[in-house]
Amino acid sequence: MEKPNNQQMSQVLELVSMARRRNKLKRDMIDVANKIRDNRKRVELLNNLSDYVHEEMSFREIMAIVENMKNDYEDRVDEYTIENAELSKERRELFRKIRTAKSDK
């Protein structure tokens, strides 16, 4: 087997560097897309809140609306946490099955 020369090593390192940069850009793009999504949801939340709040409402009535919304969102977070754990468990099981299948060959 031939020993790689400096130019080949340089090219390999350049390719690795580009691949890592590409992966970082993908992660950054996903992060920005999530931020856009989250801020759009916040705008929608504020629009919905403005539909419920009226001038003649008392502070307590407004706080009751906010508390109900908070509880709804906390419930959703719990549900998504459970769903994510179930998906993670399934992913780990599939990984084990694939690894076992590969080792059986």
Side-chain angles (χ1 to χ4, degrees):
M1 187 166 162
E2 292 181 30
K3 186 175 179 183
N5 63 30
N6 286 342
Q7 184 179 3
Q8 290 172 328
M9 282 301 289
S10 178
Q11 289 172 342
V12 168
L13 292 173
E14 172 103 18
L15 287 173
V16 169
S17 176
M18 287 189 294
R20 291 182 70 186
R21 177 67 180 154
R22 184 193 69 203
N23 291 337
K24 183 179 182 333
L25 290 172
K26 281 183 188 178
R27 288 190 307 272
D28 289 347
M29 289 170 64
I30 291 169
D31 185 48
V32 169
N34 288 340
K35 289 177 182 177
I36 291 169
R37 182 203 64 213
D38 291 347
N39 282 296
R40 283 184 178 151
K41 287 183 177 185
R42 288 181 183 110
V43 168
E44 187 177 340
L45 171 68
L46 292 172
N47 286 335
N48 290 340
L49 185 60
S50 67
D51 291 341
Y52 288 100
V53 176
H54 304 286
E55 271 184 46
E56 61 275 354
M57 292 180 89
S58 70
F59 178 76
R60 286 186 181 172
E61 291 171 320
I62 293 171
M63 289 307 297
I65 291 172
V66 170
E67 186 65 28
N68 285 335
M69 294 174 87
K70 179 182 170 227
N71 290 336
D72 288 344
Y73 285 116
E74 286 176 343
D75 289 345
R76 288 182 193 171
V77 167
D78 291 344
E79 290 169 7
Y80 288 138
T81 301
I82 292 167
E83 181 180 347
N84 194 38
E86 291 169 351
L87 293 172
S88 180
K89 181 180 178 183
E90 182 180 349
R91 182 185 58 82
R92 285 191 314 270
E93 288 171 359
L94 286 171
F95 176 76
R96 282 188 209 110
K97 287 178 183 178
I98 291 169
R99 188 175 47 187
T100 302
K102 283 183 178 180
S103 66
D104 290 342
K105 287 184 177 182

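Residue numbers run from 1 in the order of the sequence given.
Taking the side chain as every heavy atom from C-beta outward, R22 and K26 approach each other to under 4.5 Å. Counting heavy atoms from C-beta outward, I30 and R27 have side chains that stay 4.5 Å or more apart. A heavy-atom distance below 4.5 Å is found between the side chains of E14 and M18.
T100 contributes a side-chain N or O that, together with a main-chain N or O of R96, makes up a donor-acceptor pair within less than 3.5 Å.
With sequence neighbours left out, K35 forms a salt bridge (Lys or Arg N to Asp or Glu O under 4.0 Å) with D31.
The shortest heavy-atom contact between E56 and E61 is O-OE1, 4.4 Å.
Enclosure of atom CZ in R40 is not indicated, since only 12 or fewer non-hydrogen atoms of other residues, nucleotides or ligands lie within 6.0 angstrom.
By the rule that hydrophobic residues join a cluster once side-chain heavy atoms approach within less than 4.5 Å of another member, M63 and M57 end up as members of separate clusters. Residues L45 and I65 share a single hydrophobic cluster, defined by chaining ILVMFWY side chains whose heavy atoms lie under 4.5 Å apart.
N34 and R37 share a donor-acceptor pair across their side chains, judged by distance under 3.5 Å alone.
Judged as a side chain to side chain donor-acceptor pair (under 3.5 Å), the pairs with a partner in residues 71-93 (not counting sequence neighbours) are, in order, S88-R92.
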